[in-house]
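Input: a single structure, listed below in structure tokens.
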Amino acid sequence: MDKRKFIKKLDEELNFYRVMDVDNTIAYYDELIDDRLEAGESETTIFTSLETPNQIAMRLALIERPGGQKKRSPALTALIVVLLILGSPLWGSLALTAAILIATGYLLIWLVPALAGIFFASFVLGGVVSLILSPVVMVNQEFVIGLMQFGMGFVMIGVGLLCGVMTRFTAKYLIAYSVSLTRWIGRLLRRKIGSAA
Amino acid sequence: MNSQLKKGMLEYCVLATLRTSDSYGYQIIKDTSGVIDLSDSTLYPILKRLEKQEAIESYSVEHNGRLRKYYHLTETGLADIQGFLDDWQQVMTVYDYIKGAN
């Protein structure tokens with residue numbers, strides 16, 4: 001195992017066990033591993049001596065919730081189910097609204113690279129077609145018009161490539177942003193569901 | 001050493017390490033290694049707990065292009081150490097009594 005895999009697994013386990021303060025825990029282990037590497041220890045030695053991400057998460061979860069989760073009585077579970085069904089018109093519509101809002105947010109975020117991507121494809125395609133067909137216009141119609149079309153083809157390809165670069169950069173940042181946003185929403189939902197369960 | 005006894009002493013060992021100067025996770029483990037067995041995973045909850053109790057404070061310092069978290073002993077932490085030392089005098093009296101009875 002290397003540091004990246006360890007941290008990734010730790011993040012998953014901490015979220016799975018609903019440990020609070022995930023970011024600080026990860027920062028602690030991240031710093032500790034870096035310090036040990038800096039002191040000349042090999043990755044093998046470090047990851048052999050460290051507890052596994054699962055053990056770390058379990059230990060912290062146990063400290064936060066010493067007694068674990070109390071078992072709920074079947075009658076109470078049945079009551080909760082009935083209340084959930086009866087209240088579904090209210091919470092169902094609220095949950096649907098929240099889901100639509102989140103989906104709209106993602107859609108808006110991704111609109112910029114999507115548009116840039118469409119511009120990239122259309123400008124490059126249009127530019128290439130314009131370049132290829134410009135000699136035909138030069139011969140069959142007027143030379144000047146063909147020459148203008150030739151120049152326009154280059155301009156279109158240039159603009160298209162700029163849009164391509166923009167698509168690449170915006171997509172790169174948005175992927176990272178979307179992943180962290182999705183993780184945050186997931187974490188929030190798990191906490192809410194966990195505290196309600 | 002009895003695990004419960006050790007558990008109680010770990011916090012004071014960490015506090016004592018910070019009495020001389022501010023320190024960070026890895027250094028604390030190294031400094032206490034000759035006295036008590038403190039693992040990486042054991043230290044983290046202790047630091048969290050001590051910070052919550054306001055016995056220590058933390059701040060970040062840039063080190064080799066990354067952030068390193070330093071811990072500083074507060075007045076509360078210092079008082080905690082003194083409280084432990086005072087309590088220990090009573091423990092020693094009991095220890096001497098038990099030892100003498102054997």
Side-chain angles (χ1 to χ4, degrees), chain A residues 1-68 180 191, chain B residues 3-15 17-18 21-74 77:
Chain A
M1 187 182 276
D2 60 17
K3 188 186 142 189
R4 194 182 56 79
K5 280 183 191 163
F6 179 86
I7 296 292
K8 189 172 174 282
K9 187 78 185 142
L10 182 62
D11 188 21
E12 287 170 10
E13 294 287 349
L14 291 170
N15 280 304
F16 178 78
Y17 284 101
R18 301 199 311 275
V19 172
M20 289 188 280
D21 216 4
V22 173
D23 294 340
N24 268 332
T25 310
I26 287 174
Y28 169 81
Y29 281 96
D30 191 52
E31 181 196 310
L32 197 82
I33 294 165
D34 281 341
D35 280 334
R36 289 181 66 171
L37 285 169
E38 215 173 272
E41 288 187 50
S42 69
E43 280 197 333
T44 317
T45 317
I46 296 169
F47 295 113
T48 312
S49 67
L50 274 178
E51 283 184 324
T52 65
N54 178 268
Q55 287 170 326
I56 294 167
M58 271 176 70
R59 178 199 281 264
L60 292 172
L62 211 63
I63 291 169
E64 286 173 11
R65 299 183 294 276
S180 59
R191 290 250 165 85
Chain B
S3 64
Q4 284 303 317
L5 189 64
K6 183 184 162 189
K7 203 176 161 187
M9 285 210 253
L10 280 172
E11 283 188 13
Y12 295 106
C13 282
V14 173
L15 289 176
T17 309
L18 297 174
S21 66
D22 295 355
S23 191
Y24 54 94
Y26 179 63
Q27 190 60 46
I28 296 171
I29 295 166
K30 265 174 56 178
D31 288 344
T32 52
S33 65
V35 186
I36 201 160
D37 187 26
L38 179 62
S39 73
D40 307 320
S41 304
T42 317
L43 177 64
Y44 179 62
I46 292 174
L47 290 171
K48 259 178 81 172
R49 197 160 48 243
L50 290 173
E51 214 170 352
K52 203 175 166 186
Q53 291 165 3
E54 296 178 351
I56 57 170
E57 291 168 344
S58 65
Y59 58 93
S60 293
V61 172
E62 201 185 329
H63 168 80
N64 284 349
R66 61 185 170 93
L67 286 178
R68 186 186 258 169
K69 204 171 182 179
Y70 276 80
Y71 298 92
H72 170 77
L73 184 70
T74 63

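Chain letters run A, B, ... following the sequence lines, proteins first and then strands; every chain starts at 1. Atom set for the values below is all heavy atoms of this structure, side chains included, hydrogens, waters and symmetry mates excluded.
At least one side-chain heavy atom of B/Asp40 sits less than 4.5 Å from a side-chain heavy atom of A/Arg36. A/Tyr28 places none of its side-chain heavy atoms less than 4.5 Å from the side chain of B/Lys69. Here the side chains of B/Tyr59 and B/Asp22 are in contact, with some heavy-atom distance below 4.5 Å. Inter-residue side-chain proximity for B/Tyr71 and B/Glu51 is flagged as met; some heavy-atom pair is nearer than 4.5 Å. Side-chain contact between B/Val14 and B/Ile56 is absent, with no heavy-atom pair separated by less than 4.5 Å. When side chains are defined from C-beta on, B/Leu73 does not count as touching B/Thr17, because their heavy atoms never get closer than 4.5 Å.
In terms of modelled atom types and a separation under 3.5 Å, the side chain of B/Ser58 and the main chain of B/Tyr70 share no donor-acceptor contact.
Ion pairing between A/Lys3 and A/Asp34 holds under the 4.0 Å rule for side-chain N and carboxylate O. Here B/Glu11 pairs with B/Arg49 in a salt bridge; the nearest charged N to carboxylate O distance falls below 4.0 Å.
When each of A/Leu32, A/Asn24, A/Asp30, A/Asp35 is checked for heavy-atom pairs under 4.5 Å with chain B, A/Asp35 comes out on top.
Using a 4.5 Å cut-off between heavy atoms, B/Thr42 touches chain A through backbone and side chain atoms alike. Interface remark: B/Leu67 contributes backbone atoms only to the contact with chain A (heavy atom separation under 4.5 Å). Interface remark: A/Arg59 contributes side-chain atoms only to the contact with chain B (heavy atom separation under 4.5 Å). Contacts between B/Lys30 and chain A at a heavy-atom distance below 4.5 Å are absent for every atom of the residue. With a 4.5 Å cut-off on non-hydrogen atoms, B/Arg66 touches chain A through its side chain but not through its backbone.
Among the residues in residues 43-55 of chain A, those with a non-hydrogen atom closer than 4.5 angstrom to a non-hydrogen atom of chain B are A/Leu50, A/Glu51.
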